Amino acid sequence: MALLYRISNINLVSLQFHFLSILFILASRAWAVELMEIDATIALGSNFHKFDANPDDPPIVEPEPHELSGPIEFDNMTNLAESVPVKDSVNYSTLVAYKFEPDLDSEWTHSYQILVYISASLCGLPDTWDTDLSENGLTLYYTFNETVAQSTDTNEMTAIKFRNGYAEGLAEMQMQVNVSEYTLYMLVIPDSCAECTSDSSWVYEFAVSQKNLLFLYDVEPFISVVDVDYDTVIFEAGRINFGKNRSYGMYIFEDGSYIPTSLNQSWCAISESTGYGTRIEIQENTTESTRNEFLVSGLEISKHYSAVLVVTFTDIPYGGGVFKQFEFTMSTSKACKLAYSLDFCNEVAYAVPVSTEFYQGGESWEQLMAAYDNYSQSLYTPFEYAMQQIPCDTELSARYSPIRTCDDCKYSYKQWLCSVTIPRCISPSHAGPQNMAYDAGLGRNHFIEQTINPPLPYAEVLPCLNMCEAIVRDCPSDFGFACPQSADLVQLSYGDPNFDDPDQTTEDGVSVTSDLFGYVQTYRACNFMGEQNVQNTTSAA
Ligand SMILES: *[C@@H]1O[C@H](CO)[C@@H](O)[C@H](O)[C@H]1NC(C)=O
Ligand SMILES: *[C@@H]1O[C@H](CO)[C@@H](O)[C@H](O)[C@H]1NC(C)=O
Ligand SMILES: *[C@@H]1O[C@H](CO)[C@@H](O)[C@H](O)[C@H]1NC(C)=O
Ligand SMILES: *[C@@H]1O[C@H](CO)[C@@H](O)[C@H](O)[C@H]1NC(C)=O
Ligand SMILES: *[C@@H]1O[C@H](CO)[C@@H](O)[C@H](O)[C@H]1NC(C)=O
Ligand SMILES: *[C@@H]1O[C@H](CO)[C@@H](O)[C@H](O)[C@H]1NC(C)=O
Ligand SMILES: *[C@@H]1O[C@H](CO)[C@@H](O)[C@H](O)[C@H]1NC(C)=O
Ligand SMILES: *[C@@H]1O[C@H](CO)[C@@H](O)[C@H](O)[C@H]1NC(C)=O
């Protein structure tokens, strides 16, 4: 039995993020690393450095370091150790220097070249810095050449700019036969800046490693919204890679309290921020199914939220990854409530029409769920008896199909039955060709109209046509199951992304529209259940 884990009854307090400001979207050319490349151990290996740089982005203006006085004292250099991050700060007109001696005997050193992953996360900017900018005004320079390092001649070094609170790079050095020692020199220097003074200070965390990046940013959110009602959300985080020495947390920010653009890819800034409403720990034992579903309740009707997933490497003092921020909006109507953890229809995890009793407080959520589940099960029983008449467990040659078994048929029938007896509900403002509108008191069958008796208008996301096609495919022909064939008939009772307005439907059968407030809403074009029934659309048009 699938039990959706109720993570918390959170109480979102209104906390103002101190960088609160209107975002101007600046074209940023953030180097992005795809975290999914990480295997179960933290070791990322050499297949990891996959950067996503948009070729359409404007060219980067090379940073100009602020004028520095004279050569640096090599005694003042901080020695960095493999995979041991440091936290430091640098003021305007100064620099901070580091060195790292790669281990030439390490399994990570190739016979002919040294690779060193450099990654950093910005925790704080000068007070006067414009947080709407992607640019952070800070650059990390590196070289393997001691003379160059000592002269602080940044033109001779490779530059890694901090952007959106993040910096990453890969230092490469071809090994020479007659050289037995290599040192990587790194200088953190503020760019020249008109408003900066000697009090302008940047705080950062920084690490080098021959194995992997210790600070990461991913261009994908890794979490998606399965469905919402007016106070609860079901999320799925199917691609999370739970493993040792890492913990996952999702930060939820209230309406408008975004992480400022200048730090939105910084593990440090997000981990240290206080502007979020709540942090949800995502653990293997608090998520359900292969899709890692989990539930967050205590949110507010009609409210708009943004959220970000963060992974923390727990075996080091600082370090982790930030995934792309995403947004969601709570339902504007109390017509629908999320259904989950049902005994019989155990794959149901979406909003359903509430009953008048529930709406008026006379019925609990558990009772509402039992009403739907019992009704569905009561319709399944006759089918089960009929199924017992079919030769299922006999020799292959005596079966009704060499490739489909009675279990396939039962599974497909059950998913179909649950999807037609437990309608998927969305707010009536989303009514459309795939989302049939119903007034209060009405519904797709007598059970909905008489027992549930919806108190408010709502719209139904119709079951996907392929759920019907699955029973025709999987069940013995004796049952005479058939699905509507013409588009007109299909549209009366099923949804099919192939009939959708192509402008509004993305590749995975998700509709995208804007609600009254201009917020983007996404939801399935039709209701599917069962992993095998996930819609694969036929064209990418
Ligand atoms: C270091 O850089 C200096 C100046 O660019 C150059 O003359 C020298 O050959 C370099 N040393 C090595 C070992 O590459
Ligand atoms: C290493 O050998 C190359 C070519 O033989 C020579 O140019 C270079 O100066 C040598 N480097 C050192 C540090 O001896
Ligand atoms: C660096 O900046 C901080 C405040 O941002 C200030 O307290 C400190 O004195 C500055 N350090 C130097 C050496 O100017
Ligand atoms: C889940 O696992 C963590 C350790 O990984 C443990 O601390 C926690 O108590 C577990 N939670 C539940 C509800 O079992
Ligand atoms: C977890 O961290 C500990 C301590 O650093 C280390 O010994 C262990 O190998 C790590 N485990 C994994 C799976 O990386
Ligand atoms: C940070 O903001 C920039 C610019 O608005 C955006 O392109 C980028 O995707 C954001 N990063 C995250 C992690 O949301
Ligand atoms: C649902 O069925 C269970 C077991 O058959 C029964 O105990 C329960 O009262 C029923 N609930 C409703 C709301 O019909
Ligand atoms: C969709 O694709 C997945 C993975 O390729 C597959 O397992 C599933 O059966 C497909 N579903 C349909 C309805 O074709």
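Residue numbers run from 1 in the order of the sequence given. On a predicted model such as this, the values are computed, not experimentally measured, just so you know. Counting starts at 1 for both ligands and their atoms, following the listed order.
Near Ser201, the atoms of ligand 3 lying under 4.0 angstrom from a non-hydrogen atom of the residue are 2 (O), 5 (O). Listed by number with element, the atoms of ligand 5 under 4.0 Å from a non-hydrogen atom of Asp315 are 2 (O), 5 (O). Here is the list of ligand 3 atoms found below 4.0 Å of a heavy atom in Asp199: 2 (O), 3 (C), 4 (C), 5 (O), 6 (C), 10 (C).
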Could you walk me through whether Asp191 and Lys161 pass salt bridge (charged side-chain N to carboxylate O under 4.0 Å, His left out), step by step? CA-CA 9 Å; Asp191 303 342; Lys161 279 202 90 169; 3.8 Å; yes
Next on the checklist: For Glu195 and Thr128: C-alpha separation, side-chain torsions, deciding distance, then whether side chain to side chain donor-acceptor pair (under 3.5 Å) applies.
Outcome noted: CA-CA 8 Å; Glu195 309 84 51; Thr128 54; 5.8 Å; no
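The distance from the OG1 atom of Thr278 to the OH atom of Tyr305 is 10.5 Å, given to the nearest 0.5 Å.
The aromatic ring centroids of Tyr98 and Phe206 lie less than 6.0 Å from each other. Checked against the 6.0 Å centroid threshold, Phe313 and Trp267 do not count as a close aromatic pair.
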Identify all N/O pairs between ligand 1 and the protein with a separation under 3.5 Å and present them as a table of atom names and distances.
| residue | atom | partner | partner atom | Å |
| --- | --- | --- | --- | --- |
| ligand 1 | 2 (O) | Asn145 | OD1 | 3.4 |
| ligand 1 | 2 (O) | Asn145 | ND2 | 2.2 |
| ligand 1 | 11 (N) | Asn145 | ND2 | 2.9 |

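Considering backbone and side-chain N/O atoms, Lys244 never comes within less than 3.5 Å of an N/O atom of ligand 5. Considering backbone and side-chain atoms together, Ser200 places no N or O closer than 3.5 Å to any N or O of ligand 3.
A side-chain contact (heavy atoms from CB on, under 4.5 Å) with Met186 is found for one member of Thr78, Ile160, Ile118 and no other, namely Ile118.
Within a 6.0 Å radius of CG in Asn79, more than 12 heavy atoms belonging to other residues, nucleotides or ligands are found.
Figure legend: cation-pi geometry between Lys414 and Phe344, with NZ or CZ positioned under 6.0 Å from the six-membered ring centre and within 45° of its axis.
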